[in-house]
Amino acid sequence: MPHPTPPAEPRPATGGHRPLGGFATGLALVLLAVLVGAAAQRITGGSPAPASAAAQVTATGRTTTVAVTADGMRFHPDRITVPAGDRLVIELTNKDRRRHDLALATGAKTPTIGPDDTARLDAGVIGATVEGWCSLPGHRQSGMTLTITTTAQQSLADGDHNTGHAASDVPAAAPSIDAMATPAAGFTARDATAPSAPTGRLHRLDLRVQEVQHEIAPGVVQQLWTFNGTTPGPVLRGRVGDTFEITLINDGSLDHGVDFHAGALAPDEPMRPINPGERLVYRFTATKAGIWMYHCSTMPMLHHIGNGMYGAVIIDPPGLPAVDHEYVLVQSELYLGADGKPGDLAKMQAEQPDAVVFNGYVNQYAHQPLTARAGDRVRIWVLNAGPNRTSAFHIVGAHFDTVYREGRWRLRPADAGAAQVLDLTPAGGGFVETVLPEPGHYPFVSHVMVDAERGARGLIDVQ
């Protein structure tokens, strides 16, 4: 699960005051802009906290001061640990471009502060857990929350006190995704570059079923069922009339199969499930153009697709012209199970995704953008693997002068109009083309906005 910002730790008290170390800052990648840090703090007042924060604890007479930064719709740190009985003072600095405040469940609250402003909040004597949040509309629901605990409570949570249960007996907390979190150093986004059209007319591939532990968001690891170890599986490409010979090899622990939408044939034999250790040969000829989904054919298919078993096959329309850049984005949903376990089928059945992503990882192209140069023609193939959500692919600041959707040209550069979205139901696919006019950062999203906030977004960095 995501690693929260470590709790602030107290330094030795000096002169009756116990300051806690500074603050953590993070990179905030938002839908329409890249946030930029600023300077010059201005101090505004805060309100004192009611005595209920003390929870009948004996006051120590000391004061703990913590610096908290609001940035990227998050508080940094978002967890503060205070010696029981200390008075807590929070110095809140807003490094975001949006206004924020900090409200505590005790009733204490800062005024709303703008960019580069600072507010001082007296939270009172702390003897119990206190929750906090930004009270501006939608900010709390977007994850802008903060928790205050005491050292005594932290020690208990860490197992320093006997609770009658061994640490191994306590179930692991359910994982959760912070769509604004930054991946750890060394993170590499999946290469979205489309494969080149191969030579020859027969294409052979070994497609291995593998169950892997894979990070799908910063700090969040799930067991995925995959083709060749990745979600999505490998992108295949060919032309109308090409033949694909796929050898499915089941290296997993469950029965699995595969269904290639690019082929038209009776599913009885080639799409049958095979047991662990078995293999089958799936042979089809591509008779129609488009970007086609393939996926596990084993029931419940909802579980197998929802847990990572899908990929794309591109069959080029005849006469498809070359472009300067060509990318492939596969949209899908994530339904988290326990840490390191497969996805939760009940969530899939209830259509309650924890994230919606392009190419298997939350917001990966916001952290490592796609690239182009001003004036380049860019083609983006999009496949919606679902299993449940509709996609509405859109690039902020761009017009699509070319749209190819579900095997049909919908728009060509010579046409007078342009399109703003490529809408795709689950299993639908197509491509769009655009010429990005000037240098800058062009966000792309699913314009189903709740899904953009869940992780279906990225950037094109145009130089």
Side-chain angles (χ1 to χ4, degrees), residues 189-195 197 205 207 216 224 226-228 230-240 244 246 258-263 284 286 288-297 301-302 304-317 320 323 325-334 353 355-362 364-365 370 378-395 400 402-410 419 421-433 444-448 451-452 454-458:
R190 176 179 170 127
D191 186 358
T193 305
L205 176 71
L207 201 61
I216 47 81
L224 300 179
T226 73
F227 293 113
N228 286 7
T230 66
T231 295
V235 177
L236 286 66
R237 191 164 192 174
R239 296 165 290 171
V240 173
F244 293 79
I246 310 299
V258 67
D259 172 5
F260 282 89
H261 292 191
F284 68 91
K288 299 292 182 180
I291 179 170
W292 303 88
M293 183 177 178
Y294 68 87
H295 59 85
C296 184
S297 57
M301 276 186 271
L302 173 62
H304 290 246
I305 297 171
N307 203 48
M309 300 192 76
Y310 54 83
V313 179
I314 296 173
I315 305 300
D316 288 348
L320 183 68
V323 293
H325 302 275
E326 193 172 20
Y327 295 111
V328 181
L329 298 175
V330 180
Q331 179 178 312
S332 63
E333 301 131 39
L334 296 169
V356 180
V357 298
F358 292 120
N359 289 349
Y361 193 97
V362 171
Q364 61 181 317
Y365 303 113
L370 308 182
V378 179
R379 176 184 296 141
I380 300 181
W381 294 87
V382 184
L383 172 71
N384 181 14
N388 297 320
R389 304 287 296 173
T390 295
S391 177
F393 184 75
H394 170 74
I395 300 177
F400 301 147
T402 303
V403 176
Y404 183 90
R405 178 178 175 272
E406 281 296 283
R408 179 182 175 188
W409 293 95
R410 307 299 176 109
V421 68
L422 175 61
D423 56 314
L424 300 169
T425 59
F431 69 79
V432 293
E433 293 180 11
F444 60 84
V445 299
S446 172
H447 219 286
V448 179
D451 292 341
R454 285 169 170 155
R457 57 185 175 182

pair I246-F260: side-chain heavy atoms closer than 4.5 Å: yes

Taking atom CD1 of I216 and atom CG of L224, what is their separation to the nearest 0.5 Å? 7.5 Å

Does Q364 reach the main-chain N or O of F358 with its side chain, forming a donor-acceptor pair under 3.5 Å? yes

Side chain of T402, backbone of E433: donor and acceptor closer than 3.5 Å? no

Do L383 and L424 touch side chain to side chain, with heavy atoms closer than 4.5 Å? no

Start with the C-alpha gap between R190 and T230, add the side-chain angles, then the distance that decides, and say whether side-chain contact (heavy atoms from CB on, under 4.5 Å) holds. CA-CA 9 Å; R190 176 179 170 127; T230 66; 3.6 Å; yes

D423 (side chain) donor-acceptor with S391 (main chain) under 3.5 angstrom: no

Any P232 side-chain heavy atom under 4.5 Å of F227 side chain: no

Please check if the side chain of R237 supplies one atom and the backbone of P195 the other of a donor-acceptor pair under 3.5 Å. yes

Sidechain-backbone polar pair: N359 side chain, V330 backbone, donor-acceptor under 3.5 Å: yes

Here the gap from T193 atom OG1 to E326 atom CD, rounded to the nearest 0.5 Å, amounts to 9.5 Å

Is a donor on one side and an acceptor on the other found under 3.5 Å between the side chain of E333 and the backbone of A355? no

State, to 0.1 Å, how close S446 and T390 come at their nearest heavy-atom pair, and which atoms those are. OG-O, 4.3 Å

Closest non-hydrogen atom pair, Y294 against A312: CE2-N, 3.3 Å

For a 4.5 angstrom cut-off between non-hydrogen side-chain atoms, does V421 reach F393? no

CD1 of I314 to CZ of R239, rounded to nearest 0.5 Å, is 14.5 Å

I need the minimum non-hydrogen distance between A286 and I315, along with the two atoms involved. CB-CD1, 3.6 Å

Between atom CZ of R410 and atom CZ of R405, what is the distance when rounded to the nearest 0.5 Å? 5.0 Å

Is there a donor-acceptor contact under 3.5 Å linking the side chains of S332 and Y310? yes

Of all heavy-atom pairs linking I291 and V382, the shortest is CG2-O, 3.8 Å

Test side-chain contact (heavy atoms from CB on, under 4.5 Å) on T226 and N307 and set out the steps. CA-CA 8 Å; T226 73; N307 203 48; over 6 Å; no

I'd like to know if the side chain of N384 reaches the main chain of A427, judged simply by a donor and an acceptor atom lying under 3.5 Å from each other, with no hydrogens or angles considered. no

Might you work through the side-chain contact (heavy atoms from CB on, under 4.5 Å) test for L236 and W292, ending with a clear yes or no? CA-CA 10 Å; L236 286 66; W292 303 88; over 6 Å; no

Separation between CG of D451 and CZ of R389, rounded to the nearest 0.5 Å: 4.0 Å

For P234 and L207, which heavy atoms make the closest approach, and how far apart are they? CG-CD1, 3.9 Å

Where does the angle between the aromatic ring planes of Y365 and F444 fall among parallel (under 30°), tilted (30 to 60°) and perpendicular (over 60°)? tilted

Are any of the side-chain nitrogens in K288 or E406 under 4.0 Å away from the carboxylate oxygens of its partner? no

Do F431 and L320 have side-chain heavy atoms sitting under 4.5 Å apart? yes

Is there a side-chain contact between H261 and H295 in this structure, where contact means two heavy atoms from C-beta onward sitting under 4.5 Å apart? yes

Value rounded to 0.5 Å, distance of CZ in F244 from CG in L205: 10.0 Å

Quick one: closest heavy-atom pair of I305 and A385, and the distance? CG2-O, 3.7 Å

Any side-chain heavy atom of L422 within less than 4.5 Å of one from Y404? no

